[in-house]
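Single-structure report; data block below.
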Amino acid sequence: MYIEFVIADNLLLTYLALSAAAKLCHCKVRVWRLIVASVVGTAVAVFYPFIRSAYASIAVKLCLWVALSFIAYFGTARPIVAAVVFLGCTFALGGACYAAELCLCGGKNVSEFIARYPICLVLICGVAVYCGMRYCVRRLRVPRVRAPYEYGTEVSVFDTKMKFAAFLDTGNCVFDARSGLPVVITDIDRFTDKLNVEGAVKFAKSLPKLRTIKAKTPAGETVIYLVRPTEISVYSDRQWHKINAMVGLVGGQGKRFSDVHEMLLCPAAMTDIGR
């Protein structure tokens, strides 16, 4: 019974803690890395009862934390921060399970809790905390209007829906001469990062065929690749509006835009909003 409990409990809760930490830190982690880390953590946890020394137990758990963090987050944008947040998520999930045990069994002992209640109750606690974290992440990441010039933007292109935190740049007067449409601008690296696998393949195939225009900036003349999106929507204060514009991609120096302002909107594209 113990082995079955450890496997089911640790496998799911470790995965949820790793995934929640990645979401909180905005780190893109492949699912297979989370699964491998969860399996390793579960395999080690099976042997916890055989460790008699408290110091040895702490040392093993610290080493395991480092190992799991390395497997899951190595090579991501914020590996150290993600590792620390993963530790906090582990405490949060464990605290939720203990809170359930405290309410139902008076905090007497875990064995009684396991004997009286099904294992799924522990897992439900973990899933509930994880879903709560995901909800908070979504709420915090929804770009809301913090100033008259800040918008959230959703672009549908190459069978991918991408969200950008956008800024209404009054200095953006770039137009596509052929279509007559205003151009909203982002950098090509950030654009490709937001594409899914299929979208990235389609974008790579279409890249040689993309039209280019030149625009003058304080740094000099810049070449902009033009992409015709399926749809662009902007929103502020939870109100959505569709706009008609081209997406302009600038590149050559990595990500040129910050996480706060990932895209520059053209004022001409916003003139129809509210009509």
Side-chain angles (χ1 to χ4, degrees), residues 1-105 107-138 140-141 197:
M1 174 62 185
Y2 172 78
I3 296 298
E4 295 174 354
F5 176 77
V6 168
I7 292 175
D9 178 16
N10 280 273
L11 191 62
L12 179 60
L13 296 187
T14 303
Y15 180 88
L16 294 180
L18 289 165
S19 178
K23 294 295 182 182
L24 289 170
C25 296
H26 302 177
C27 292
K28 291 185 177 181
V29 182
R30 295 185 180 276
V31 174
W32 69 264
R33 296 180 66 175
L34 300 180
I35 294 175
V36 170
S38 302
V39 171
V40 172
T42 302
V44 176
V46 171
F47 297 96
Y48 280 168
F50 303 104
I51 303 175
R52 301 303 179 184
S53 170
Y55 296 106
S57 177
I58 293 174
V60 169
K61 291 178 180 178
L62 286 175
C63 291
L64 182 62
W65 165 56
V66 174
L68 298 188
S69 300
F70 180 84
I71 294 172
Y73 308 124
F74 178 75
T76 60
R78 305 176 182 88
I80 297 178
V81 175
V84 175
V85 174
F86 164 54
L87 186 62
C89 290
T90 302
F91 286 135
L93 294 174
C97 297
Y98 177 75
E101 186 265 334
L102 185 66
C103 294
L104 298 174
C105 293
K108 295 179 180 179
N109 57 71
V110 177
S111 300
E112 181 181 347
F113 176 67
I114 296 173
R116 290 179 57 185
Y117 298 97
I119 186 176
C120 63
L121 186 59
V122 176
L123 303 182
I124 288 173
C125 293
V127 172
V129 173
Y130 173 77
C131 292
M133 290 180 179
R134 288 290 301 270
Y135 176 78
C136 292
V137 170
R138 286 197 300 268
L140 290 173
R141 291 186 67 183
V197 176

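Inter-residue side-chain proximity for Leu18 and Tyr73 is flagged as met; some heavy-atom pair is nearer than 4.5 Å.
Of all heavy-atom pairs between Leu68 and Gly41, the closest is CD2-N, 3.7 Å. Counting all heavy atoms, side chain and backbone alike, Ala20 lies closest to Cys89 at CB-SG, 4.0 Å.
Atom CG of Leu62 has more than 12 heavy atoms from other residues, nucleotides or ligands within 6.0 Å.
Here the side chain of Trp65 pairs no donor or acceptor atom with the backbone of Phe86 at under 3.5 angstrom.
Qualifying side chain to side chain contact (heavy atoms under 4.5 Å, CB included) partners for Val39, counting only residues two or more places apart in sequence or in other chains: Leu11, Ile35.
Between the CD1 atom of Ile58 and the SG atom of Cys63 there is a distance of 12.0 Å, given to the nearest 0.5 Å.
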